[in-house]
Structures are given as structure tokens and as C-alpha cells.
Asker: 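Have a look at the structure that comes next, please.
For clarity, every value in this text was computed on a predicted model and none was experimentally measured.
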Amino acid sequence: MNSADTEQRARVRNSIPGQRVTACRQEKGSENTYKRSAPAAFTVLPGDEGSPVVVHVPHSSRLIPPDIRADLMLTDKELAGELDEATDTATDEIALAALARVGVRPTIVINQLSRLVIDPERFPDGDPAESFGRGAVYTRTCTGEPLRTEPYPCRADLIDAYFRPYAGAVTAAVENRLNVCGRVIVIDLHSYPQKPSAFEDTSAPRPRLCIGTDPAHTPGWLTDAARGAFTSLGEISENTPYGGTYVPLRHYGIDDRVSSVMIELRRDTYLTDPAAPHPERIAQLGRNLAALIDTATARVADV
């Protein structure tokens, strides 16, 4: 199984423009809140009313609530190393840097919890990555070591408390943009380490930028726009080492008004170590992302 298969994106996307929205699973005091201590799980930054673009940032956080941390079978040192490898560090900063450069501000959806809580880009049931413990609720580390007990008895609780509300929020953002603009462009923003994780294909190229596409939801012009916006990076591949992109399940395969492209940046392009972003490089990637956003916005306006 290659990395494009193992990292296949769950086709779920949601968000809520209007006012800045920070939310957890349900309203405060909900009896369904996981162990009664759910923090803010995601943030939605509404864009300008005329923007058809939703920037999705699912894996930038290292935050793990204490109740969930207690179930992870790692020492603090081991957990820090796992977070270094698994976290798409500073992709939220890149998205925010783009806001200062765009002509029309997009909606931005940021997951505020680590993917070690839940991975919102997996299918909640039957994801292929379940076979090596990296489905919607991870039970194995990047090296294949135990992360949680298997089977994990609280899996359904985490799905209900965090996965489904997040998916609902991204879907709402897409629906909102469809209602206003008639079309939506999702930009799915990620990064990956220079060296492959243990469950990945070690022979797959790992360029400075990987563009992830979907046959039904990534038109050629959008792939070309991504290449053009990030051409300064030099090395660019398509669907390797990762493939696919994020589309809400409600729209996947049936609604061609929703287009999507994944941007996967190799982390040494903008980090000086696993947790330290380089300010000038972040600013440059923000400009690159802004160029893609502007092209997508103009394209929809011309349709």
C-alpha cells in the first residue's frame, strides 16, 4: 500500500461563516461532551461575502485535552516526538499569512485539536488506514508502536464528541459558500516531514510540494493554478507521496459545484526544526497561497 492509498482523505468538509466561530462538540453543558472537559475543537474564520474559497487546516494543532492524554500509552518525551512527526506545524500560520495578501478573504476552518484526538480527514468507519492503526481514532504511532489500547473502548465517544461536530462545521461552511456564490473551491492545507513515517512507501518521491487531486472534484485549471502559485518551490509532484483532497461527503461524487485541491508542503521548506517555523518562509508561503486563492476567486467570478 503506498502513501497515496494510506493517506486517502475522508470526503467530509464543513464550516460556518457569519461571525468568528469557535466551537466544541455541542453547546456548553451538553451531556454528550466527552468526559465533561471538551475544549474549543475548531475555529471558523468567515471570509468576505463574495469569496467562494474555503481553506481547510485540519492538522496544525498539538493540543490534546488532559482526559484524552491520559489514555495515550506514551511518555511525555515519546508524545513530543510523535507530535513532531504527526503535526502539520504552522500550516495555520501560512493560512493566516495569506489573509494579508488576498484580494477577497476566504473562509478558513482550523482544527484546534491534535490529530491524535481524532483525524477529521479519515472516514469515521471503514477507513483503509484502520488496518495499521491510523483511522479516525489512532491506536498506533507513526512508528507502529501502541498509542491506545486495541480495541480502544472510547473510540465511539471521540467520534461523537469531536469528529462529527467538526465534519458538520466544515460542511456548513461549504454549504454557505454554495448558497452565496454558487460554487466552492476547497484548499486543503497540509505538510509532511522530509523522511517517511514507518507506514509509508519509502520509495515515493517527497518533493517540496505535493498537489493532491480528485478525478471528480479537481479540474485541470485548479491543478495548474496550484502549480503556478507555488512554482518558486521548484519541486512539485501530483498525488505523491500523498493523494486525494478534502470534499464533504454530502457533495462527494455528486456535486460538481464543489472543487478541491490539496496542498502538501514538505516541512523543511519552512521549518528550522520540527516545531520552529521560519518567519520569512511562512510569509512567502502565505503569498503563494494568496496567489492560489486569488486565482480561484477570479475563476469562479468569471464562470
Asker: So, N111 versus Y166: side-chain donor-acceptor pair below 3.5 Å or not?
Answerer: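 Their side chains do not contain a donor-acceptor pair, so the 3.5 Å distance test is not met.
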
Asker: Does any N or O in the side chain of R208 come within less than 3.5 Å of the main-chain N or O of L233, such that one atom is a donor and the other an acceptor?
Answerer: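 Side chain of R208 to backbone of L233: a pair is present.
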
Asker: Does any donor atom in the side chain of Y192 or R206 lie under 3.5 Å from an acceptor atom in the other side chain?
Answerer: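 Their side chains do not contain a donor-acceptor pair, so the 3.5 Å distance test is not met.
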
Asker: Is a side-chain donor or acceptor of N176 paired with a backbone partner of A172 at a separation under 3.5 angstrom?
Answerer: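 No, because the side chain of N176 does not come within donor-acceptor range (under 3.5 Å) of the backbone of A172.
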
Asker: How long is the span from the CG atom in D201 to the OG1 atom in T240, to the nearest 0.5 Å?
Answerer: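 Here the rounded value is 7.5 Å.
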
Asker: Taking atom types as modelled and ignoring hydrogens, do the side chains of E121 and H190 form a donor-acceptor contact shorter than 3.5 angstrom?
Answerer: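 On atom types as modelled, these side chains qualify, holding a pair under 3.5 Å.
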
Asker: Would a distance-only check, ignoring hydrogens and angles, find a side-chain to backbone donor-acceptor pair under 3.5 Å from R69 to L72?
Answerer: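 Flag set: sc R69 to bb L72 pair under 3.5 Å.
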
Asker: Decide salt bridge (charged side-chain N to carboxylate O under 4.0 Å, His left out) for E49 and R177; before the verdict, give the C-alpha distance in whole Å, the side-chain angles of both, and the deciding distance to 0.1 Å.
Answerer: CA-CA 8 Å; E49 188 66 5; R177 296 297 82 207; 3.8 Å; yes

Asker: Does a donor on one side chain and an acceptor on the other come within less than 3.5 Å for T89 and T87?
Answerer: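 Not at all, the side chains of T89 and T87 share no donor-acceptor pair under 3.5 Å.
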
Asker: Tell me which one of E145, E82, E150 satisfies salt bridge (Lys or Arg N to Asp or Glu O under 4.0 Å) with R140.
Answerer: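 Single pass found, and it is E150.
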
Asker: Ignoring hydrogens and geometry, is there a side-chain-to-backbone donor-acceptor pair from R122 to V137 under 3.5 Å?
Answerer: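 Looks like no, no N/O pair under 3.5 Å.
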
Asker: Do you see a donor-acceptor pair shorter than 3.5 Å between the side chains of S191 and R267?
Answerer: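 Distance-only check passes for S191 and R267.
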
